[in-house]
Student: 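Before I ask anything, let me first share the structure, which is written out below as structure tokens.
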Amino acid sequence: MALQLYGIPNCDTVKKARTFLTAAGVAHDFHDYKKAGVPSDALARWVARWGWEAVLNRAGTTFKALPDADKAGLDADKAIALMLANPSMIKRPIVEGEGVALIGFKPDAWAGAF
């Protein structure tokens with residue numbers, strides 16, 4: 001599996017992650033899930049790996065703008081449906097590759113992984 005970086009190009013954290021990978025000479029493909037959507041199998045894999053609570057970005061404006069009824073009673077199924085409908089609600093960046101799976105950008109963790 002080639003290294004795949006998932007995110008949104010105008011996100012500052014994604015920009016930092018892309019700069020990090022380029023500076024480290026790590027080849028990667030970028031998947032803009034705002035434009036291309038999020039593959040449901042990838043989202044299921046992330047939720048299985050990290051849990052829906054870690055994958056759902058509750059701090060972002062997209063989640064905060066949801067009606068209270070959509071935020072109430074969140075469980076895995078409801079969170080997955082919300083993230084598929086609104087990929088901006090997914091924590092970013094997410095990077096996956098051979099032996100690598102990281103969520104969020106933490107330079108020390110990324111340095112250890114690459």
Side-chain angles (χ1 to χ4, degrees):
M1 168 190 255
L3 190 70
Q4 187 74 40
L5 178 70
Y6 296 88
I8 298 170
N10 63 344
C11 170
D12 288 339
T13 307
V14 171
K15 288 177 185 177
K16 290 175 189 174
R18 293 178 83 180
T19 299
F20 176 94
L21 292 173
T22 300
V26 178
H28 62 282
D29 294 322
F30 180 69
H31 181 96
D32 179 350
Y33 51 59
K34 184 121 178 172
K35 289 184 181 176
V38 61
S40 59
D41 61 329
L43 183 57
R45 191 172 54 248
W46 303 336
V47 168
R49 179 176 286 130
W50 295 298
W52 69 267
E53 297 92 341
V55 179
L56 179 65
N57 179 12
R58 294 178 193 227
T61 56
T62 304
F63 182 81
K64 289 179 180 180
L66 285 176
D68 288 340
D70 288 345
K71 296 182 214 177
L74 274 177
D75 60 14
D77 291 337
K78 189 172 181 179
I80 289 169
L82 285 171
M83 289 184 280
L84 285 171
N86 304 286
S88 295
M89 283 192 240
I90 300 170
K91 175 107 175 165
R92 52 193 180 265
I94 292 178
V95 66
E96 292 181 305
E98 189 64 40
V100 176
L102 301 167
I103 186 170
F105 179 64
K106 297 176 183 82
D108 292 342
W110 282 48
F114 301 106

Student: Under the ring-ring contact (aromatic ring centres under 6.0 Å, His included) definition, can you give me all pairs with a residue in residues 70-103, not counting sequence neighbours?
Tutor: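 ring-ring contact (aromatic ring centres under 6.0 Å, His included) check on residues 70-103 returns no pairs.
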Student: Measuring from Met89:CE to Arg58:CZ, what's the distance to the nearest 0.5 Å?
Tutor: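 That separation rounds to 11.5 Å.
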Student: Please tabulate, for side-chain N and O atoms in residues 74-82, each donor-acceptor pair with protein atoms closer than 3.5 Å (sequence neighbours left out).
Tutor:
{"residue": "Asp75", "atom": "OD1", "partner": "Asp77", "partner atom": "N", "Å": "3.3"}
{"residue": "Asp75", "atom": "OD1", "partner": "Lys78", "partner atom": "N", "Å": "2.8"}
{"residue": "Lys78", "atom": "NZ", "partner": "Ala69", "partner atom": "O", "Å": "3.0"}
{"residue": "Lys78", "atom": "NZ", "partner": "Asp70", "partner atom": "O", "Å": "3.3"}
{"residue": "Lys78", "atom": "NZ", "partner": "Ala72", "partner atom": "O", "Å": "2.5"}

Student: Does Lys64 have any side-chain hydrogen bond (donor to acceptor under 3.5 Å, both in side chains) partners at least two apart in sequence or in another chain, and if so, which?
Tutor: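 Lys64: no side-chain hydrogen bond (donor to acceptor under 3.5 Å, both in side chains) contacts found.
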Student: Could you work out, with side chain to side chain contact (heavy atoms under 4.5 Å, CB included) as the rule, every residue matching Asp29, not counting sequence neighbours?
Tutor: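 Counting only residues at least two positions away or on another chain, Asp29 forms a side chain to side chain contact (heavy atoms under 4.5 Å, CB included) with Ala2, Gln4.
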Student: For residues Gly7 and Val14, report the shortest heavy-atom separation together with the two atoms involved.
Tutor: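 In terms of heavy atoms, the two residues are closest at CA-CG2, 4.1 Å.
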Student: Could you tell me whether the side chain of Ser40 reaches within less than 4.5 Å of the side chain of Leu84, counting heavy atoms only?
Tutor: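 Yes, side chains in contact.
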Student: Ignoring hydrogens and angles, tell me if any N or O in the side chain of Asp32 forms a donor-acceptor pair with the backbone of Lys35 under 3.5 Å.
Tutor: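 Confirmed, Asp32 side chain pairs with Lys35 backbone.
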Student: Just list the side-chain donor-acceptor pairs under 3.5 Å for residues 15-22, sequence neighbours left out, or say none.
Tutor:
{"residue": "Thr19", "atom": "OG1", "partner": "Lys15", "partner atom": "O", "Å": "2.9"}
{"residue": "Thr22", "atom": "OG1", "partner": "Arg18", "partner atom": "O", "Å": "3.0"}

Student: Does any N or O in the side chain of Arg92 come within less than 3.5 Å of the main-chain N or O of Ser88, such that one atom is a donor and the other an acceptor?
Tutor: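 Yes; judged by distance alone, with no hydrogens or angles, the pair exists.
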Student: Looking at residues at least two apart in the chain, or sitting in another chain, which of them share a ring-ring contact (aromatic ring centres under 6.0 Å, His included) with Phe114?
Tutor: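 With neighbours one apart ignored, the set is Trp110.
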Student: Run the side-chain hydrogen bond (donor to acceptor under 3.5 Å, both in side chains) test against Thr13 and tell me which residues pass, sequence neighbours left out.
Tutor: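 Once residues adjacent in sequence are excluded, Thr13 has no partner under the side-chain hydrogen bond (donor to acceptor under 3.5 Å, both in side chains) criterion.
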Student: Shortest non-hydrogen contact from Val26 to Leu3?
Tutor: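 Heavy atoms of Val26 and Leu3 come nearest at CG1-CD2, 3.3 Å.
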Student: Tell me, please, which residues at least two apart from Asp41 pass side chain to side chain contact (heavy atoms under 4.5 Å, CB included).
Tutor: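 Residues passing side chain to side chain contact (heavy atoms under 4.5 Å, CB included) with Asp41: Pro39, Arg45.
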Student: Answer yes or no: is there a side-chain heavy-atom contact under 4.5 Å between Ile90 and Leu56?
Tutor: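 Not in contact.
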Student: Determine the minimum heavy-atom distance between Ile103 and Lys91, stating which atoms define it.
Tutor: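 Ile103 and Lys91 have their closest heavy atoms at CG1-CG, 3.6 Å.
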Student: List for me each residue that meets ring-ring contact (aromatic ring centres under 6.0 Å, His included) alongside His31, sequence neighbours excluded, and say none if there are none.
Tutor: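 His31: ring-ring contact (aromatic ring centres under 6.0 Å, His included) contacts with Tyr6.
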Student: Measuring only between side-chain heavy atoms, which start at C-beta, is Trp46 closer than 4.5 Å to Ile94?
Tutor: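 Yes, at least one pair of side-chain atoms sits under 4.5 Å.
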Student: Filter on ring-ring contact (aromatic ring centres under 6.0 Å, His included), then keep only pairs touching residues 54-86, sequence neighbours left out; what's left?
Tutor: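 For residues 54-86, and leaving out neighbouring residues, there are no ring-ring contact (aromatic ring centres under 6.0 Å, His included) pairs at all.
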Student: Under 4.5 Å between any side-chain heavy atoms of Val38 and Met83, yes or no?
Tutor: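 No, their side chains stay 4.5 Å or more apart.
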Student: Can you list everything that forms a salt bridge (Lys or Arg N to Asp or Glu O under 4.0 Å) with Arg49? Sequence neighbours excluded, please.
Tutor: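 For Arg49 the salt bridge (Lys or Arg N to Asp or Glu O under 4.0 Å) partners, ignoring immediate neighbours, are Glu96.
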